[in-house]
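Below is one structure; the comments refer to it alone.
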Amino acid sequence: MKTKFVYVLLVVALMLALTPVASAAPNGATTCDQDYTVTAGDWLSKLSDKFLGNVKAYFAIMAQTNYKNAEDSSYAKVTNPDVLEVGQKLCIPSKADAEAFLAKFDPNKGNIDLLFAKPAAGQLLVGNWWTSGGEFAGINGVYELYKKAHPGVEVVHGGIAGGGGVNFKAANLTKLQGGDPFDVFMLHAGAEVEQYDPAKYLTPVEAIVEKTQGSVMPEDLKKLLTYEGHIYTVPMNIHRGNVLWVNKKVLADNGLKTPTTWDEFFTVAEALKGKGIVPLSHGGANGFEAAQTFEVVLMSYAGADGMAGLTGGTKSWSSPEVTQALETYKKVLTYTNADRNALSWDQATKLVIEGKAAMNIMGDWANGEFKVAGKTDADYEGVPAPGNKGMFMLVSDGFAMPLQAPNKANAEAWLEMIATKEAQETFNINKGSICSRTDCDYSAFDTYLKSSAADFKVSRVLPTITHGSAIVPSWQAAYYDIIKLFEANGDVAAAQAALVQAAKDAGAATP
Ligand code: GAL
């Protein structure tokens, strides 16, 4: 079955112009036990069963074929194990070679560098979790730019699926601790860096940040970057986390207007529910969806100063605004899809794209999904979530470089590139974010992104709790668990008591 290929790890087509002088395969000389030409109806697990007696050995065929391709381009380059083309020439390893390969290779641990040849100019292993349609479209544009600027380097997309980094972060930490890191990996601006023990594992990058975008970076972002005297992430965007996504047709067909307050939201939601339409799609499979949606609701009650107080330890989580937010969130949940825990954030977005739900609250990476689906202003809009006007939840993506990055020069070139205006304009137009620099040209960006760029300038900017900017990882993890449990049991008092305790445990000196 093709579905056997649905692994945690998504390996995607990312090959640079091949250098004929590529060195030997990572696992030694490339010898094929036999060649095979793909015919209609072939897929890799079927072939691995046929030639190696093991349906699960398909990654060995993929790797061996890729190594061979680096020496002889008549062999195929297999960048996605799900995709074979008729006529491609494959290099089938011997059973012993396949077993030796599989003993070393574990896609769940992210050692996908083994699937590709290591050309003389080396690889660039890019660790991230950008595997949804819009996310990959964003990063792939930057890969293309990098490939042009650095022909001969093999760019490997180390995309470990799971929105918000739910699977990536633990795998990345294990790789860092094991001395087998990516060359660069996705890291949010702010407190998230703490979980990677930066003094021990990461390269300070303040010189690169200063040189490349220091003079054009918005202050709200800049002040988030320094951790214990150093900067460890080079930002490449600014996402807005507090957005309501609306299927315009669903609302218009029902004579309804986009809500701007929770009261309006409940009126609209009730009308839709009465007609059997899901008012608000909601995910849960990636763990962060509940945390983020509650954060948005909390912002509407606590306001910008209140949020700063809650995360900064000057306002107690026992405050009435937190109670109100929990109560409202509980009510919001009654207007969501019953299968929410089974859906990832992008599957929830898809319900809105397809008109199966009217609205969704999500960061503006959702904009990338609408774009990939070919949707335009006529179909959807992204506006501040109810009660969130004037506030901008900042989620900034960037990359860090491990001290033990195997391809340091390539990694440094990547960090320099992602900071540029050109790379950021290329990335953000598809990713659904704005630049981490103030000099980008938004004329080619869509209506939503133009509005985000304009709002960013005039809003109070609040670093995200959910995506690890405003609070330390241990507190963030406790916050996730509390809101997830709250979604299941709806116990306002218990959730609030746990939020108070979590702040206390994190050392937030609440009054
Ligand atoms: C966030 C990240 C975004 C987006 C989202 C969903 O943490 O900042 O870039 O990828 O997760 O996966």
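Each ligand, and each atom within it, is numbered from 1 in the order the structure gives.
Close contacts of ligand 1 with His188, meaning ligand atoms under 4.0 Å from a residue heavy atom, involve 1 (C), 2 (C), 7 (O), 8 (O). Per-residue contacts place Trp345 under 4.0 angstrom from the following atoms of ligand 1 (heavy atoms of the residue considered): 6 (C), 12 (O). Interface of Gly163 with ligand 1, defined as ligand atoms under 4.0 Å from a residue heavy atom, comprises 12 (O). Close contacts of ligand 1 with Val395, meaning ligand atoms under 4.0 Å from a residue heavy atom, involve 8 (O). Listed by number with element, the atoms of ligand 1 under 4.0 Å from a non-hydrogen atom of His239 are 3 (C), 9 (O). Atoms of ligand 1 lying under 4.0 Å from at least one heavy atom of Asp397, given by number and element, are 2 (C), 3 (C), 8 (O), 9 (O).
Considering backbone and side-chain atoms alike, Trp365 places every N or O at 3.5 Å or more from each N or O of ligand 1.
At least one heavy atom of Gly164 sits closer than 4.0 Å to an atom of ligand 1.
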Show, in sequence, the C-alpha distance, side-chain angles and deciding distance for Glu354 and Lys375, and conclude whether the salt bridge (Lys or Arg N to Asp or Glu O under 4.0 Å) test is met. CA-CA 10 Å; Glu354 292 175 345; Lys375 299 297 174 188; over 6 Å; no
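Annotation: side chain of Asp446 is not in contact with side chain of Ile429 (no heavy-atom distance under 4.5 Å). Contact check for Asn367 versus Leu449: side-chain heavy atoms found under the 4.5 Å cut-off.
Given atom 4 (C) of ligand 1, the protein heavy atom at minimum distance is Glu135 OE2, 3.3 Å. With respect to atom 3 (C) of ligand 1, the closest heavy atom belonging to the protein is Lys431 NZ, 3.5 Å. At the shortest separation from atom 7 (O) of ligand 1 among protein heavy atoms lies His467 ND1, 2.7 Å.
In plain terms, the two heavy atoms of Ala358 and Leu251 that are nearest each other are CB-CD2, 4.1 Å. The heavy-atom pair separating Ile482 from Leu499 by the smallest distance is CD1-N, 3.8 Å.
Residue Met393 is tested with Thr464, Val461, Asp364, Ile465 for a side-chain contact (heavy atoms from CB on, under 4.5 Å); the sole match is Thr464.
Within the cation-pi definition used here (under 6.0 Å to the ring centroid, within 45° of the axis), Lys175 qualifies as a partner of Phe182.
Judged by distance alone, the side chain of Tyr480 and the main-chain N or O of Thr466 form a donor-acceptor pair under 3.5 Å.
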